[in-house]
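Letters A, B, ... are given to chains in the order of the sequence lines, protein chains preceding strands, and every chain is numbered from 1.
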Protein chains: 2
Amino acid sequence: MGTTVSTLTPGTRSRKAIYYGTFIHSRTITNLDIITQGAIGVDDSGKIAFVERNVESPEKLFLNFPEWVGVRVFQTPKDGFFFPGLIDTHIHASQYPNAGLFGSTTLLDWLTTYTFPTESSFSDLTFAGTVYNRIVNRTLSHGTTTASYYTTIHVPATNLLSEICHKKGQRAFIGRVCMDVNCPDYYGDESVSMAMANTKDTIEYIKSIDPDYRVVSPIVTPRFAVTCSGDMMSELGKLAKQENIPIQTHVSENEYEIDFVNKSFPKSGSYTNVYDDHGLLTPRTILSHAVHLSEEELKLIKSRRTGLSHCPVSNSALGSGVARVRDWVDEGVNVGLGTDVSGGYSPSILEAARQALLVSRILAQREGVERYKLSIAEVLWFATRGGARVVGLEGKVGGFEVGMEWDAVLVGLGGVDGAGEGVLDSEGEEVVVGDEQGLTIGGVDLFGWQGDWEDRVAKWVYAGDERNNLGVWVGGRLVYEKERQGVERLVRRNGLYN
Amino acid sequence: MGTTVSTLTPGTRSRKAIYYGTFIHSRTITNLDIITQGAIGVDDSGKIAFVERNVESPEKLFLNFPEWVGVRVFQTPKDGFFFPGLIDTHIHASQYPNAGLFGSTTLLDWLTTYTFPTESSFSDLTFAGTVYNRIVNRTLSHGTTTASYYTTIHVPATNLLSEICHKKGQRAFIGRVCMDVNCPDYYGDESVSMAMANTKDTIEYIKSIDPDYRVVSPIVTPRFAVTCSGDMMSELGKLAKQENIPIQTHVSENEYEIDFVNKSFPKSGSYTNVYDDHGLLTPRTILSHAVHLSEEELKLIKSRRTGLSHCPVSNSALGSGVARVRDWVDEGVNVGLGTDVSGGYSPSILEAARQALLVSRILAQREGVERYKLSIAEVLWFATRGGARVVGLEGKVGGFEVGMEWDAVLVGLGGVDGAGEGVLDSEGEEVVVGDEQGLTIGGVDLFGWQGDWEDRVAKWVYAGDERNNLGVWVGGRLVYEKERQGVERLVRRNGLYN
């Protein structure tokens with residue numbers, strides 16, 4: 001805790017800066033664009049003003065951009081690259097204390113055993129503050145620049161998460177959970193009217209701190225059709241329309257859940273139709289999981305231009321099954337990734353991307369269908385541009401293009417130097433010391449002869465983690481750095497810049 | 001690189017010490033034994049001399065063990081515990097540079113595209129030294145105290161790995177890869193006699209540095225039936241018997257591979273039978289993968305008391321399928337875990353344990369068979385006692401019992417302190433600093449109210465990594481510590497000890 005003194009400290013209100021070096025982002029769903037001598041100018045408001053390629057040096061750049069002379073230039077370190085900030089389309093901030101705890105449960109017993117008791121504790125604001133500060137710090141460290149959060153039913157704690165995201169600068173959708181039927185005695189909305197009033201309070205609060213929803217936005221959040229009355233869902237659908245805000249909920253995660261929903265809403269004909277029948281299936285709706293969708297449901301989702309959040313870590317951990325993401329893509333549905341903390345045990349979208357690759361290979365083998373395999377380019381698309389579409393921020397975040405926000409992660413990869421012998425103790429025995437031999441600063445080992453950027457990206461996806469994130473920016477503001485002033489050390493020092 | 005000066009430095013040749021605090025190890029395959037006030041005495045030779053429970057303090061202990069007064073006492077930190085060293089029953093040391101690189105290949109094209117070219121480079125000893133030092137450092141950091149390694153066909157490089165493991169103190173089985181048919185032009189054994197002579201050279205080398213196979217042992221390693229002639233396999237079977245050393249190979253990993261083997265050895269009737277027909281299926285044989293075993297093959301493996309190495313990370317990454325581990329356990333076959341670097345992208349057995357849990361849940365859902373789910377206790381058994389049986393070290397390593405070797409990992413888990421606010425910059429904006437806020441020292445967040453050891457173990461299994469390993473011992477020798485003198489700081493300082 002403390003304040004820094006340099007007037008050059010990143011995070012100051014003018015976002016104007018030039019980023020120089022290697023940039024990697026999705027060009028299309030199957031292609032990564034790798035720019036090795038690039039320069040991106042970010043303006044005062046944190047938006048990308050130019051993207052230049054084949055820039056031999058920043059000095060050459062200034063011949064064409066004389067008005068940028070004097071602006072700070074951040075240069076990627078060796079083997080480092082800028083990547084668009086990662087987008088978590090589905091995360092329960094309130095469940096973070098339970099990460100890793102689920103035993104052998106599946107969705108419905110997991111909710112009653114672990115989730116509802118923990119969520120009910122968010123009536124305590126101190127508790128909420130500890131958990132929410134920690135999960136936002138954690139997701140920022142993992143490079144999540146945009147997150148679509150579920151909170152709990154509690155208004156003050158939900159408002160606290162809005163405030164924390166706003167203060168820390170993480171782009172966030174904040175959804176107070178609505179649930180009015182099939183809830184435990186101790187946790188749930190007392191009535192539809194109370195659910196609506198409380199939800200509106202959280203929307204008003206966000207308007208009070210961020211009127212234009214520049215960083216933090218409300219999102220209408222009926223938990224899922226199991227715990228929502230038809231009346232409440234209809235009211236929530238109207239509210240979303242009236243307020244022009246997005247919607248998030250769960251769909252078709254688990255077979256028992258689907259059965260329960262079908263029995264509760266026999267006239268709808270399918271789980272997805274339940275939401276459609278209550279005005280919740282919109283182009284601004286995020287449906288998470290969707291493991292067991294029928295073809296008809298997928299077509300309905302496509303026709304409503306609703307986005308899907310793929311949560312492979314959670315789906316495996318809770319034994320929900322393997323989602324058929326290739327079918328979603330082929331149908332033309334927008335796909336993003338979700339950590340689904342704490343059904344998912346990891347707050348990392350990179351982990352979600354990795355496990356999306358793995359489960360797609362399990363599915364391809366099981367079905368004997370090669371095309372079910374997802375590629376690294378595809379899962380990185382889901383993590384960035386795909387996710388941006390799902391949360392309604394297409395064209396604003398997810399890539400490096402003029403006019404987009406500078407939401408970015410600086411990824412550093414480690415080289416392996418020398419013979420790797422350990423430290424010798426007093427009797428000449430070797431002890432390997434993790435911190436001194438680069439074993440605890442990250443899991444990616446690049447050997448000297450490995451120069452191909454595609455291979456480096458693959459190694460990052462499979463062996464990388466938050467230790468590789470040297471800096472994270474949202475809207476041009478530095479919101480996370482691995483070490484104090486670590487990003488400042490990337491500023492090129494020469495006569496042209498101050 | 002350097003030497004330390006303290007005469008108290010761990011790693012000195014006398015291993016005599018007392019470890020005090022919390023110990024967790026497998027009692028049975030379904031039960032973890034959690035000892036919260038325990039004391040383990042390790043004698044000069046690195047073996048466990050006593051295991052005491054309910055020891056209120058080391059001082060009380062000395063009333064019953066007066067001859068141990070003056071011996072150093074290492075005490076677990078808050079939330080820390082000793083766990084048996086992890087056992088990697090299947091890892092290709094030579095493939096480590098390719099970790100994370102496989103694209104969308106499956107086994108056979110992956111071998112020709114990535115693996116054989118890399119393995120052929122081990123004719124260069126400098127290259128070999130860089131890779132082998134690094135992978136041993138890495139696996140030690142992940143708490144692997146015993147590893148069963150495949151190298152390449154090269155004798156000098158194989159001997160170098162033996163030397164490195166011996167010097168660093170990692171218990172290792174070192175297997176020079178034998179492959180004499182269906183190999184690329186540039187990489188393979190020229191003849192059966194050359195394969196045998198070269199293999200014998202690597203055995204002799206190990207005898208020269210570690211005559212009793214105390215730390216390093218040879219292991220006969222026919223790559224797999226695809227690249228081995230019947231003659232060579234028979235000779236290797238005889239060699240293993242004659243030398244009384246173990247055997248390792250692959251079985252039934254991929255459907256194309258199985259088909260290839262069945263066509264190459266039509267008289268055998270099954271992939272497993274091929275090994276049995278050539279004298280390779282013994283109680284000291286490690287078969288890895290075994291994804292698509294038939295019931296008959298499993299029964300044959302059981303009858304030969306051969307062990308199986310489950311490699312879930314690799315099986316998912318290469319799209320090999322999901323192994324039916326529950327069936328193996330029910331059949332009474334010994335099961336260990338393998339990282340299978342670099343079919344597996346991670347050198348961590350903890351990651352293999354985690355993914356064993358995940359794929360068992362995918363299998364359970366797909367087949368509708370609840371009992372296919374593995375528990376945390378089970379995968380930790382595989383990682384320790386199960387693995388010990390598979391590599392032929394039952395009763396010697398894998399648990400905390402009198403007479404066993406002190407092969408152990410000290411696991412530290414991190415608490416979440418305070419409200420988690422970030423550092424403020426000069427304009428009062430918050431920047432989250434990873435290193436200062438405990439975000440880069442490990443992924444496990446324990447909130448203050450979480451005191452249950454079973455929950456802590458679950459969080460370690462799901463969110464832990466090498467950053468949680470504060471120290472690693474093999475045979476009482478400290479072989480890894482996270483920070484220099486970090487383990488030394490655990491020594492209790494008071495009048496009773498020096």
Side-chain angles (χ1 to χ4, degrees), chain A residues 2-5 7 9 11-13 97 99-101 104 129-130 133-134 137 140-141 167-168 316-317 319 321-322 345 358 361-362 364-365 373 416 419-427 429-437 439-440 445 447 455 458-459 462-463 467 478 480-484, chain B residues 2-5 7 9 11-13 97 99-101 104 129-130 133-134 137 140-141 167-168 316-317 319 321-322 345 358 361-362 364-365 373 416 419-427 429-437 439-440 445 447 455 458-459 462-463 467 478 480-484:
Chain A
T3 55
T4 61
V5 288
T7 55
T9 302
T12 52
R13 302 213 191 274
L101 306 182
S104 289
T130 301
N133 272 295
R134 189 64 177 181
N137 287 356
L140 284 175
S141 77
K167 212 169 94 193
K168 292 183 193 285
S316 297
V322 179
Y345 51 80
L358 297 180
R361 278 153 181 70
I362 291 174
Q365 187 275 332
K373 284 185 191 170
V416 175
E421 286 167 19
V423 174
L424 298 183
D425 68 22
S426 59
E427 298 202 16
E429 282 197 334
E430 194 174 328
V431 180
V432 177
V433 179
D435 282 347
E436 295 183 17
Q437 296 184 262
L439 296 163
T440 56
D445 278 333
F447 290 84
D455 282 358
K459 279 182 171 283
Y462 279 107
R467 289 171 285 181
L478 183 75
Y480 171 83
E481 56 185 345
K482 187 175 177 182
E483 27 180 326
R484 173 100 61 127
Chain B
T3 55
T4 60
V5 289
T7 54
T9 303
T12 52
R13 303 216 189 274
L101 306 181
S104 290
T130 301
N133 272 294
R134 190 64 176 181
N137 288 355
L140 284 175
S141 77
K167 215 171 92 194
K168 293 186 192 284
S316 297
V322 179
Y345 50 81
L358 297 180
R361 279 152 180 70
I362 291 175
Q365 187 275 331
K373 284 185 190 170
V416 175
E421 284 167 20
V423 173
L424 297 183
D425 68 21
S426 59
E427 298 201 17
E429 283 197 332
E430 193 174 329
V431 181
V432 177
V433 179
D435 282 347
E436 295 183 17
Q437 296 183 263
L439 295 163
T440 57
D445 279 332
F447 291 84
D455 282 358
K459 280 183 169 283
Y462 278 106
R467 289 172 284 181
L478 183 76
Y480 172 83
E481 56 184 343
K482 187 175 177 182
E483 29 179 324
R484 173 100 62 126

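Closest non-hydrogen pair, I362(A) versus I362(B), comes out as CD1-CD1, 3.9 Å. Scanning all heavy atoms of the two residues, the minimum distance from G100(A) to A458(B) falls at O-CB, 3.6 Å. For the residue pair E436(B) and R484(A), the shortest heavy atom distance occurs at OE1-NH2, 2.8 Å. The two residues L101(A) and D455(B) have their closest heavy-atom pair at CD2-O, 3.5 Å. Of all heavy-atom pairs spanning E483(A) and V433(B), the tightest one is C-CG1, 3.8 Å.
Atom CG of N137(A) is separated from atom CD of E430(B) by 7.0 Å, given to the nearest 0.5 angstrom.
For A364(B), no part lies under 4.5 angstrom from a heavy atom of chain A. For L140(B), the part sitting under 4.5 Å from any heavy atom of chain A is the side chain, from C-beta outward, and nothing else. Contacts of S141(A) with chain B are made by side-chain atoms alone, with heavy-atom separations under 4.5 Å and no backbone atom involved.
Annotation: salt bridge (charged side-chain N to carboxylate O under 4.0 Å, His left out) contacts of R467(B) (sequence neighbours excluded): D465(A), E466(A), D465(B).
Looking at K482(B), its side chain never comes within 3.5 Å of a backbone N or O of D435(A) through a donor-acceptor pair.
Top candidate by heavy-atom pairs under 4.5 Å with chain A, chosen from R361(B), K373(B), K167(B), is R361(B).
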